Protein chains: 2
Amino acid sequence: MGTRSVYVTKPRELIAGLLHAEPRFFSAAEIHRRLNEAHKVSLSTVYRTLEHLLERGEVAARSDDAGETTYKACEPAHHHHHAICTSCGRVEDVDCSAIEQLAESLRTVHGFALADHKMEFSGICSACR
Amino acid sequence: MGTRSVYVTKPRELIAGLLHAEPRFFSAAEIHRRLNEAHKVSLSTVYRTLEHLLERGEVAARSDDAGETTYKACEPAHHHHHAICTSCGRVEDVDCSAIEQLAESLRTVHGFALADHKMEFSGICSACR
DNA sequence: ATCAGTGCAAACCATTTGCAAATTA
DNA sequence: TAATTTGCAAATGGTTTGCACTGAT
């Protein structure tokens, strides 16, 4: 599959640059605010660019606690975890003791003090198979 | 800590009843639509009741792929799962091979065909400790 | 010279809020 | 009766869209 050709524009370079500069999630408004400290890029362009990057798999998105969508640069579409059936929507509550190992790995490998974690699974539940 | 007293009203009974009837996430609009098939409850009351149930820890909320908030009955606030530092917002990408065990458990215990999973961790990153 | 990309303003839509009327305790 | 809850309609706020203009190829 060939790479779909697109224009290289200043807004795109600026936005991708900002996202790649920090390994964290940014809201569209936050990106817009930051860019406009030194440049002029409309909020709608920020949204359209993010959508563009999302389609290309160059960024990951998630909604924060307030429900606002946030974006983060993310090379290959990487790993991101309730069991929700994609067919009927049924939710299976999953008990996950294996998380303890992940918590340990987080502390060891990332020096991250795990305070809480959230998991979400998607797939086909037993009733839909 | 005493139980904060509140009124027992028809809308609250109806909404809690609907949520407890199915183990899955519902959007406020969906709940409103369903209830109004046989009763009359305003959409704002649905929102206020859900907020009420959320405060009491009787329901869990999550945003679906479209960013719409959805709710599910959930006895004790139960288990739900990127490492996001609650102090600086930094994200640590976490590799999680231990998930394989969870996938196995999902298949065995729930008969759930795991197609995808998403994990999110929160805590304090190494830089903030 | 094309066709994609941008800005602006208007449109959308989920969620929230003010306030008077209805309900529960 | 006193205090909470509801309904309705208007206000919010994030995100999307129509359209004419600008910029990249």
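Quick caveat: nothing in here was measured; it's all calculated off a predicted structure. Below, chains carry the letters A, B, ... as their sequence lines are ordered, and counting in each starts from 1.
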Within this structure, what is the [atom1]-[atom2] distance for the pair [X] and [Y], rounded to the nearest 0.5 Å?
X	Y	atom1	atom2	result
A/Phe25	A/Arg62	CZ	CZ	6.0 Å
B/Leu54	B/Tyr71	CG	OH	6.5 Å
B/Ile31	B/Leu14	CD1	CG	11.5 Å
A/Thr69	A/Tyr47	OG1	OH	7.0 Å

Margin query: Tell me every residue that passes side-chain contact (heavy atoms from CB on, under 4.5 Å) with A/Ala16, counting only those two or more places apart in sequence or in another chain.
Written below: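 Checked A/Ala16 against side-chain contact (heavy atoms from CB on, under 4.5 Å); matches are A/His20.
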Checklist line | Qualifying residues under side-chain contact (heavy atoms from CB on, under 4.5 Å), relative to B/Ser27, sequence neighbours excluded | finding: B/Ala29, B/Glu30, B/Glu68, B/Thr70
Atom [atom1] of [X] to atom [atom2] of [N]: distance rounded to whole Å?
X	N	atom1	atom2	result
B/Arg56	D/dT5	CZ	C1'	14 Å
B/Asn36	D/dC8	CG	C1'	14 Å
A/Glu13	D/dG23	CD	P	15 Å
B/Glu55	D/dT4	CD	C1'	14 Å
A/His32	D/dT15	NE2	P	13 Å
A/Leu54	D/dT15	CG	P	12 Å
B/Lys40	D/dG7	NZ	C1'	13 Å

Item checked: Working for side chain to side chain contact (heavy atoms under 4.5 Å, CB included), residues A/Leu50 and A/Leu19 -> CA-CA 10 Å; A/Leu50 289 170; A/Leu19 286 173; 3.9 Å; yes
Notebook entry, point to check: salt bridge (Lys or Arg N to Asp or Glu O under 4.0 Å): which pairs involve residues 33-48 of chain A, sequence neighbours left out?
Noted result: A/Glu22-A/Arg34
Next item on the list: Enumerate the residue pairs fulfilling salt bridge (Lys or Arg N to Asp or Glu O under 4.0 Å) with a member in residues 10-20 of chain B, sequence neighbours excluded, ordered by first and then second residue.
Entry: none
Please write out each protein N/O paired with an N/O of nucleotides 11-13 of chain D under 3.5 Å, distance rounded to 0.1 Å.
none

Notebook entry, point to check: Of all the base pairs, Watson-Crick or G-U under 3.5 Å, which form stems of three or more consecutive pairs involving DNA chain C?
Noted result: C:1-10 with D:16-25, C:12-14 with D:12-14, C:16-25 with D:1-10
Next item on the list: Compare side-chain N and O positions of A/Thr9 against OP1 and OP2 of D/dG23 and report whether any pair is under 4.0 Å apart.
Entry: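 No, no such contact exists.
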Notebook entry, point to check: Nearest to the side chain of B/Val6, which nucleotide is it out of D/dT25, C/dG5, D/dT5?
Noted result: D/dT5
How close do [X] and [Y] get, counting heavy atoms only, and between which atoms?
X	Y	result
B/Ile15	B/Val46	CD1-CA, 3.8 Å
B/Ala28	B/Leu43	O-CD1, 4.0 Å
A/His52	A/Val6	NE2-CG1, 3.7 Å

Check: Base, sugar-phosphate, or nothing for B/Lys10, non-hydrogen atoms under 4.0 angstrom?
Finding: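 Nothing, no nucleic acid heavy atom in range.
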Notebook entry, point to check: Listed by chain and number, what are the side-chain hydrogen bond (donor to acceptor under 3.5 Å, both in side chains) partners of B/Thr45, not counting sequence neighbours?
Noted result: B/Ser42
Every protein N/O within reach of nucleotides 1-3 of chain C N/O, cut-off under 3.5 Å:
from  : atom 1 : to     : atom 2 : distance (Å)
C/dC3 : O2     : A/Tyr7 : OH     : 3.0

Just the atom pairs and distances: protein N or O near nucleotides 14-17 of chain C's N or O, under 3.5 Å.
from   : atom 1 : to      : atom 2 : distance (Å)
C/dT15 : OP1    : B/Thr69 : N      : 2.9
C/dT15 : OP1    : B/Thr69 : OG1    : 3.1
C/dT15 : OP2    : B/Tyr47 : OH     : 2.3
C/dT15 : O5'    : B/Tyr47 : OH     : 3.1

